[in-house]
Amino acid sequence: MKVYKALTIAGSDSGGGAGIQADLKTFQELGAFGMSVVTAVTAQNTLGVQGVYPIPIAGITEQIAAIGDDLGTDALKTGMLFSSEVIDAVSEKIDHYGWHNVVVDPVMVAKGGAKLLQDEAIRALIEKLIPLATVITPNIPEAELLTNRDINTLEERKEAAKSIYNMGAKTVVIKGGHGNGQEVVDLFYDGEVFEKMVSPRIETRHTHGTGCTFSAAISAELAKGKEIREAVMTGKQFIRAAIEKQLGIGKGHGPTNHWAYNERG
Ligand SMILES: Nc1ncnc2c1ncn2[C@@H]1O[C@H](COP(=O)(O)OP(=O)(O)OP(=O)(O)O)[C@@H](O)[C@H]1O
Ligand SMILES: Cc1ncc(CO)c(N)n1
């Protein structure tokens, strides 16, 4: 049996809906062997983030080396990286091991407003990590911070996608979960064509970890050798099912349902 390996370099969410926990559940459901590098531990649940405890840089680089020197990986995603020092170290290691199929989810702020990336780290993201990205998946506020401009119209979103593409990412997907209207539009751009990936907006407050799950699904598909566009389409189907059949747990913004895509829950 061919084993497809996928790695997540991200923060831990004790509540299990986002971060490392969401990524590993998604990898498992999509048939990839999941591995993880924890960059920070968060005390977090459906009500918000109560604490952030960054892992020292050596602890992060040793975890990456443990994987790079032994198992290797077919794809990886990055999530919460927290500081420019972590971004520098992670980018250097990705380069060192020559890892391909890199999905960058430029996590900046949790839905409740807690900071998951320090302001000054945006520069490191642009200079070090984005040039290594096969796919980058900013939401609209993240795309605004990366490009330093407001995004209100589709035209402005296209301009932002071009500008992020010009920072060195091979493919840009600007997610539309934060918009409003009947439809959710994710804008896909590969340097040649723009494609609007449209799905009905599901009315729910249970959207904790949607971005993590979406980028993890793309990574699992890339690990299995799927083309980028196809991987993104599957990511969208995976997150749609997970939101539609949300679990209804927790007192606040609940997690999505990682079993739903395979119709197991
Ligand atoms: N209400 C919704 N209905 C349908 N699809 C949604 C909804 N909200 C988000 N999505 C989809 O989920 C994916 C993630 O988008 P979103 O913009 O929510 O990411 P995010 O803000 O990075 O998430 P988070 O930071 O909470 O993990 C996208 O593919 C988006 O289309
Ligand atoms: C650990 C972690 N990573 C990412 C997000 C963004 O949803 C979150 N809330 N927590």
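Note that ligands are numbered from 1 as they come in the structure, with each ligand's atoms numbered from 1 the same way. Numbering of residues begins at 1 and proceeds along the displayed sequence.
Once rounded to the nearest 0.5 Å, the distance linking CG of Leu129 with OG of Ser91 reads 4.5 Å. Ile126 contributes atom CD1, which lies 5.5 Å from atom CG of Leu146 (distance to the nearest 0.5 angstrom).
Given atom 9 (N) of ligand 2, the protein heavy atom at minimum distance is Gln44 OE1, 2.8 Å. The protein atom (non-hydrogen) at minimum distance from atom 28 (C) of ligand 1 is Asp186 OD2, 3.3 Å. Summary of contacts: the protein heavy atom closest to atom 26 (O) of ligand 1 is Lys111 NZ, 2.3 Å.
Of the polar atoms of His208, none of the N or O atoms is found under 3.5 Å from an N or O of ligand 1, judged by distance alone.
Remark: distances from the non-hydrogen atoms of His208 to ligand 2 include one below 4.0 Å. Under a 4.0 Å heavy-atom criterion, Gly209 is in contact with ligand 1. Using a 4.0 Å heavy-atom cutoff, Cys212 is listed among the residues neighbouring ligand 2. Within the 4.0 Å heavy-atom shell around ligand 1 one finds Pro200. In this structure, Arg240 falls outside the shell of residues with a heavy atom less than 4.0 angstrom from ligand 1.
Between the side chains of Ser84 and Lys128, no donor-acceptor pair is found at a separation under 3.5 Å.
For Val49, no heavy-atom contact with ligand 2 is shorter than 4.0 Å.
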